[in-house]
Each structure stands twice: as C-alpha cells, then as structure tokens.
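Within every chain, numbering begins at 1; the chains are lettered A, B, ... in the order of the sequence lines, protein sequences first and strands thereafter.
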Amino acid sequence: MVAYLLRRLGQSLLAVIAMAVLVFLGVYAIGNPVDILINPEATERQRLEIMERMGLDRPLWEQFWVYFGNLLQGDFGRSFVYGESAMSVILQRLPATMELALFALVLAIVLGVPLGVIAGLKPDTVGGRSIMAGSILGFSLPNFWQGLMMILIFAVFLGWLPAGGRGQTTEFLGMRVSFLNLDGLKHMILPAINLALFKMALVIRLARAGTREVMMQDYIKFARAKGLSHRRVVLVHVLKNIMIPVVTILGLELGSMIAFAVVTETVFAWPGMGKLLIDSINRLDRPVIVAYLMLIVFLFVLINFLVDLLYSVLDPRVRLAQRGTQ
Amino acid sequence: MSDISITPPVEKAPQKKAISPLRAAMLDFASSPLAMIGLVVMVVMVLAAIFAPWITPQNPYDLSQLSIMDNNLPPGSESFGGQTYWLGTDPQGRDMLSAIIYGLRMSLIVAVTATLCALAIGMAMGITAAYFGGRIDTLIMRVVDLQLSFPAILVALILLAILGKGVDKVIIALVIVQWAYYARTVRGSALVERQRDYIAAARGLGLGHARVMFRHLLPNTLPPLIVVATVQIAQAIALEATLSFLGVGVPVTEPSLGLLIANGYSYLLSGAYWISVYPGVALLVAIVAINLVGDQLRDVLNPRLRR
C-alpha cells in the first residue's frame, strides 16, 4: 500500500512537472517571452528593467531554472491589467467558482437521482423515455448553447431571473458568498443549473442503471414480501444502494466542473476564475493565463490522486490488481 | 455415398450470399426511421455546406452585397432591394440564412478535418501499441490515460491559450484532444484480433510488421472505430463551437456557427433573438442528426446485437 501510494505520488508529481515544462516551452521557446510577459504598453526602459529582473537576457536553460524557481514559490509575475501578483488575482476569484461548482454538484444529485430512479422504475413509459431523451440532449448539446436558451427563456421572455452577474453577496467565513441572500441566490440559479445539466445527465444514467439492477435483487423481493409499501422499498432500499456509485463518480467530476465553469461563467458573466481566464486571453494578460493553467493542472492532478487513493481504500479489486502486477 | 446429404447446404449457401454484408448492414440501418431522418438531414447539411457559394442568397462576407439599411431586420422582412430575409439580418445587414450556411461550412470543415487527422494518428498509435505490446504499449497508453484524465475543453483551452487564435490552431487543438479516444478504441479491438490465427499466419508468411499491422489487423478493427468517429464528429462540432463562442477559436473573418452565436449574444438581451438563436438551432440540428446516425450505426455494427 505504501509502495503504491509513493508510486502514485511520483506519477502525480511527474504530471505537474511535465505540464510546467510544456507551458515553459509554449511561452518561452515557441513564443517570444519578451512580448508575452512584458506589458506591450511598457516603455523601453521598463522593458529592459523587467527583462533583466526576469532573466530574459540569459540563455534558455538558465531561464528554465529561474522560471522553475519562481514556480515553486507560486510567483507567476504581475498581471498587466490588475497590477497585482497573478496568482493572487486568481485566488480572489476562486471562491466564486467553487461556490458555483458545489451548488451545481448538489443540484445535479438532488434533481438527477429522482429522475433517474423514475426512469429506472418505469423504463417503458412516456415519462421514463422522455427523461432518457432529455439526458441524451444534456450530453450532446454544447453547454453554452443550453445556457443561452435558458437566458432567452427565463431572463428575456419570462423575465423571472437575472441574465448574468453575481448580485448581492454576503460575508461568510471570510469569503463573499451568494447563497445566503435572495438576490444572490436568484443570480446563481441559472448558471448553477447550466453547469449542472451535463452532470445531471450522467447522474440520471447511473441512477437508472442502478435502479434497474437493484430492483431485480432478492432483498427487494424480500422487502416486498414483508409487505412494505412501494414507497418505502424505493426510498429506503433502492435509494441507499444506488447512491454509492453516484457519489463516487460525482466526487471525480468536481474537477471537470471547475473546468466547465469556464463556459458557464462566460455565458452568465459570473465573476469567477473561468471568466478571468477568458478575459485574460482576450486582453493578452499572459501571467494570469500561465498562473491559471498551472493552478488548474495542479488541482486536477490533486483530485485524480485523491480519487485513486479513495478507490484503492474502497474497492478491494483495485488493491488486488495492484498486488497482482507487482 | 454422401452426395445426397451434402447437396442441400450447397444449394442454400448461394441464397444466403445473395445479400452482401454491406447491403445487410444498410438494410439494418434503414430499419430505424429516426436514423434515416438523421441521415437525410446530415446529407442535406453537408451538401449545403459544400455548395454554399452557389445556393446562398448573398455572400455574407462580400461587403458590396450588404446594405446597412437592412440591419437588424426580424425574420421574414423584406429588404431594401425587395428580397426576403427569411431568418432576418444582423447589425451589419447580413442575411442570417446565408451567414448560417457559411458558418455551417466552417464548422464542418474544422470538425471533419480534425476528426480525420485524429483518426489517422489515433489508429496508428493504437495499432502500434496493441501489436508490439510491452514498453511501447505502456508508454503510449500512459500518455493516453494522462490526457483522458483531463476534460477535453480544458486541454483545448490550454492549447489555444498558448497557440493563439486561428482555424489551423483550432484544428490542431481538436486533433490533440481527440486522438487519444481513437488510440484507446483501436487498441482494445486490436488486442483481441492480434490473438487470431490469421495474424500468426500472416507473420508466418514472412510479411513485415507494417504490412501485417495495416493490411491485416487494421481492417478488422474498423467497425467500432467508425462508430466512435461518427459520434466524435458531433463532439468536435460542439467543442469547436464552444471554443469559438469563448472567443479563442476561429477568427472573426471566418466565423463558424459558434462564433455567429457569440456575435448575436449581445443582441439577445435587447430582443433581437434571431441573430443568436437561428445559428444555435442549426448547431443543434447538426449535432442531433449526427448522433442519431451514430447511435444506429453502433447498433448495426455491434455483433452482440445482431439478430
């Protein structure tokens, strides 16, 4: 187990280093770092000063060590637009993204599981079929398109909900959050549903498959034979048994939700990290782009590592497979 | 003595052979009306995209054909010159129907080119991994696993943030995002096929590795690949549209459906819905049609579902 852990940790580190090298090559070797890292509006004297400070006048391999050293200290340079350290600009936007992603995750479970159970209990009815058709659409239609349609219907035609922005926020544990007041919640509903739709389609499929499988088990027949009501069989016996795969998969999907938030945040003008990335690409604010890429890669590798770890704890087959290959 | 007992099967065999496998598959495919509708829509869209310059009412990017007097007209209104704009016009007085057909052309060019390139690379990698096994297999599949552990949209964003805008760059990004799916699919079926006797026979004949891999192994791994490729074209269209919508995809001078939607987005709130919605409908129809065809293909080509 310890050997497996160490090897997995080594792989994760390797992935992060590989990404760092790729980003370095992309920014320093392919592009011209002077153009990329120095504000185009800087004066000639500022340019020379920054070039010397960042070591851009030295050979490539020396630059790599400077870059790597800065990376280890979390120093990605200053944002051209905000004039602050690029990493801190991003970290300021992190809570907004996390709040949206977590809210969407909860929505995906709360709406997806019941729909999936219904589709699993009555697979051949009109209701069951339309739920499945809806989940196929949720999978195959681009996220931004779904978002636009939601804005068109609920904000433009019906006028029930705001079309974008974050609305009022409340101070909570030192962070500004939206879910504690009505205005903030109203602003969060559409983007959260938009972000949740894709995962909801996934949850519906998992819950449906799980329900169909569980319904054939002997313990369900036994529960029925005991005279338990249909309601109790479904709510207690079925639900309990399908939740395990649903929760495991969704834990895995948290990372991809943060990535997909780029699209949702742009559609709904939600002031999170994803919108910051797109804004930075459009404004050529490269230090922020580089910092975002490294942060997201780090987050991903971390989540993948934790999930793998969790799997080997939860699922004996993974452990055995590991032992078998050694 | 066994003459009589042998003849009946010989007689029956030609009757069965009358339907070739390809024809059987086509008949199988046609059994689903939904898939046929999808196929027809797909063919119409491809033809419209190919013949765009000849069938559109105007060339939306030829400024001499645009009249600023016709800007922001709702669908069905008549132009200054007396022609009807069935889907309305945008703020530059551009006919939306023409813009959509040109946009579809761009979307399809990017998606199909990227899918074909990714297919070629993924196929070569997957076959190589399965055929040689060992270290080469481990190396290729590690890269595939690493890449598939990141969502496609994220990998594409990272690449385009570094590479910059442009049609060629979007295609490169889509190829890099997609090749891993094909590599994994091909490797899976090639691993099974490699154990078959005909591969051993081909090797025994002294044929070279490349010939065995591409002439003997590859054709037998194609069916699942065709299914994946069909569905992946739809995915590529959706991903390209998303990237272009975000402003990191194709340039403004060569808009795809995604960019058209993005351009109309700012007018959505002021009520001029048609600039954004109709390109969106075109995108939706294209993706759903391709998925319907892909689903039916999967059923037809999957031997386990054969009746």
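Interface remark: B:I153 contributes side-chain atoms only to the contact with chain A (heavy atom separation under 4.5 Å). With a 4.5 Å cut-off on non-hydrogen atoms, B:A241 touches chain A through its backbone and its side chain both. Residue A:L293 touches chain B through its side chain alone, counting heavy-atom pairs closer than 4.5 Å. Residue contact with chain B, scored on non-hydrogen atoms closer than 4.5 Å, involves the side chain of A:I151 exclusively. With a threshold of 4.5 angstrom between heavy atoms, B:L283 approaches chain A through side-chain atoms but not through N, CA, C or O.
Surrounding CZ of A:F298 are at most 12 heavy atoms belonging to other residues, nucleotides or ligands under 6.0 Å away.
Side-chain atoms of A:E265 come within 3.5 Å of backbone N or O of A:G274 as a donor-acceptor pair. Side-chain atoms of A:N194 do not come within 3.5 Å of backbone N or O of A:Q146 as any donor-acceptor pair. Not a single donor-acceptor pair under 3.5 Å links the side chain of B:S244 to the backbone N or O of B:S256.
Between B:L97 and B:Y278, the closest side-chain pair of non-hydrogen atoms is not below 4.5 Å.
Of the listed residues A:I296, A:T266, A:I258, A:L148, the one with more heavy-atom pairs under 4.5 angstrom with chain B than any other is A:L148. Ranking B:L284, B:I290, B:N291, B:L157 against chain A, the residue ahead of the rest is B:L284, based on heavy-atom pairs under 4.5 Å. When each of A:V297, A:L137, A:V301, A:I278 is checked for heavy-atom pairs under 4.5 Å with chain B, A:I278 comes out on top.
Evaluated for a side chain to side chain contact (heavy atoms under 4.5 Å, CB included) with B:V285, the options B:V288, B:V281, B:I287 yield exactly one hit, B:V281.
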